[in-house]
Q: 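First the structure, which I've put down as structure tokens, then a few questions once you've had a look.
Naming: A, B, ... by sequence-line order, numbering from 1 per chain.
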There are 2 protein chains.
Amino acid sequence: MPKNCNFIEKLREVGLRPTKQRVKMCEVLYNREKTFHFTINDLVKLLSEKMNQKISLATVYNTVHAFEKKGYLKEISIDSHKSYFDTNTSAHHHFFDEDTQELIDCDENDIDKINIKKNITGKKINSVEVLVRVASDNQTQK
Amino acid sequence: MPKNCNFIEKLREVGLRPTKQRVKMCEVLYNREKTFHFTINDLVKLLSEKMNQKISLATVYNTVHAFEKKGYLKEISIDSHKSYFDTNTSAHHHFFDEDTQELIDCDENDIDKINIKKNITGKKINSVEVLVRVASDNQTQK
DNA sequence: CAACAGTTTAGAATTATTATAATGTAGATT
DNA sequence: AATCTACATTATAATAATTCTAAACTGTTG
């Protein structure tokens, strides 16, 4: 498994011990063509079902949050009941398909740069996030 | 209390029975100069402490969600742990002050109209929301 | 390869939200 | 104004999501 070596180094870089649980998590998260959007639940299921890795919920929470704090994952909050993490940590925006509950990345050409004219004294801008909610045309709006 | 008559009518219009709990809630929510941003917790506290109205948590949840469904309140989800409601239901964007955990309305001059170039076939756009996170200049970023 | 600090784990605790079922009440009917 | 009925409110229980805890375990360092 030559790829796992990268994960081990990646984990070390961020100050996390490369345990086998964390390496498995990295495989699930980062061994992908496209960026990955998931809820904690999705991730636990994937780990246990697809990867055959029984891993404690607490560990998943702890590690996901460690990744997030270190900037290896980004949180996108849809509503009070649904929160996703995104392996694409660059500044970018999202579509959310309310029919399929699917989160879709925008690339930088999809939305013009946001121009913010107001500034709040003494405060700097940490992030600017756009969420575009879409649903099929013939459906009642949320 | 002439103002409460408005609330009673407002409630009727949306198909909600104007019970005294709901009228009190309306007073708290809509008897204001500015729009009001609150969490369920904030609202319960306000009702019990300032308005002296002991009101069941379940009722607050039910009624807030009824208002939201009817379009009298708008939900803004900050992260998995913090969700606000906004009495300003027009399309508008927000600043979120990470120091004070305060939500601030943008008016339409603060941010240029968002231009979305991508469209997803068969889907219509329900809403476009921008959240600008700010924090004091001399503080570590979230 | 021993020792230590960080990690994992199951399960308990906490918090937020929703469901339930008994009681209460607004509004229509008389 | 008394009565009725459907909808509301309430306290409490149930559920769900997340965090805490304490004991067992395991990378890492020397």
Q: Where the side chain of A:Y61 is defined as all heavy atoms beyond and including C-beta, which of D:dC7, C:dT18, D:dT19 is the nearest nucleotide?
A: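 The closest nucleotide is D:dT19.
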Q: Within less than 4.0 Å of OP1 or OP2 of D:dA8, is there a side-chain N or O belonging to B:T59?
A: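 So the side chain of B:T59 is outside the cut-off, no N or O lying under 4.0 Å from OP1 or OP2 of D:dA8.
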Q: In whole angstroms, how far is the P atom of C:dT8 from the CE atom of A:M25?
A: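 To the nearest whole Å, that distance equals 9 Å.
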Q: Could you give the CG-to-P distance, from A:L16 to C:dT7, as a whole number of Å?
A: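 It works out to 7 Å between those atoms.
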Q: Could you give the CD-to-P distance, from A:Q21 to D:dT26, as a whole number of Å?
A: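 In whole Å, D:dT26 P and A:Q21 CD are 9 Å from each other.
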Q: Which whole-number value in Å describes the distance from A:I8 CD1 to D:dT28 C1'?
A: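 After rounding, the gap between these two atoms is 13 Å.
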Q: Could you work out which one of C:dT25, D:dT26, C:dT17 sits closest to the side chain of B:R17?
A: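 For B:R17, the side-chain atoms sit closest to C:dT25.
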Q: In whole Å, I'd like the distance from the CG atom of A:L57 to the P atom of C:dA10.
A: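 Answer to the nearest Å: 10 Å.
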Q: May I ask you to say what B:K54 touches in the nucleic acid, namely base, sugar-phosphate or nothing, with a heavy-atom cut-off under 4.0 Å?
A: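 Touches sugar-phosphate only.
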Q: Checking A:H37 against A:D105 for the side chain to side chain donor-acceptor pair (under 3.5 Å) test, could you report, in this order, the C-alpha distance in whole Å, the side-chain angles of both residues, the deciding distance, and whether it holds?
A: CA-CA 9 Å; A:H37 298 119; A:D105 277 352; 2.8 Å; yes
Q: If I take atom NE2 in residue A:H81 and atom P in nucleotide D:dT18, what distance separates them, rounded to the nearest angstrom?
A: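 Checked: the NE2 to P distance equals 10 Å.
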Q: Taking atom P of D:dT21 as reference, at what distance in whole Å does atom CG of A:N62 sit?
A: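 For the pair A:N62 CG and D:dT21 P, the rounded distance is 12 Å.
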Q: Remember a base hit wins even if backbone is also touched, and classify A:I55 as base, sugar-phosphate or nothing at under 4.0 Å, heavy atoms.
A: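 Sugar-phosphate contact only.
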Q: Salt bridge or not between A:D137 and B:K123? Use side-chain N to carboxylate O under 4.0 Å.
A: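 So A:D137 does not pair with B:K123 through a salt bridge.
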Q: Assess B:K74 against B:F85: is NZ or CZ under 6.0 Å from the centre of the six-membered ring, and within 45 degrees of the ring's axis?
A: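 No, B:K74 and B:F85 do not form such a contact.
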Q: Which nucleotide in the set D:dT18, D:dA11, C:dT8 lies at the smallest distance from any side-chain heavy atom of B:A58?
A: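 Side chain of B:A58 sits closest to D:dA11.
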Q: Is there a side-chain contact between B:H94 and B:F96 in this structure, where contact means two heavy atoms from C-beta onward sitting under 4.5 Å apart?
A: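 Not in contact.
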Q: Return yes if the base of D:dA8 and the side-chain atoms of B:R22 contain a donor-acceptor N/O pair under 3.5 Å, otherwise no.
A: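 Between D:dA8 and B:R22, which were checked side chain against base, a qualifying N/O pair under 3.5 Å is absent.
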Q: Atom NZ of A:K24 to atom C1' of D:dT26: distance rounded to whole Å?
A: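 After rounding, the reported distance stands at 18 Å.
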Q: In terms of side-chain geometry, is the basic nitrogen of A:D107 or B:K118 positioned less than 4.0 Å from the acidic oxygen of its partner?
A: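 Salt bridge between A:D107 and B:K118, a charged N being under 4.0 Å from a carboxylate O: no.
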Q: Taking only side-chain nitrogens and oxygens of A:S56, does any of them come within less than 4.0 Å of OP1 or OP2 of C:dT8?
A: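 No, A:S56 has no side-chain N/O under 4.0 Å of OP1/OP2 on C:dT8.
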Q: When you get a sec, tell me which of C:dT17, D:dA6, D:dT18 is the closest nucleotide to the side chain of B:S80?
A: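 Of the options given, the side chain of B:S80 lies nearest D:dT18.
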Q: Can you check whether A:R12 has a side-chain N or O nearer than 4.0 Å to OP1 or OP2 of D:dG27?
A: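 Answer no for this pair, as no side-chain N or O of A:R12 is under 4.0 Å from OP1 or OP2.
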Q: With heavy atoms under 4.0 Å as the rule, sort B:T19 into base, sugar-phosphate or nothing.
A: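 It contacts sugar-phosphate atoms only.
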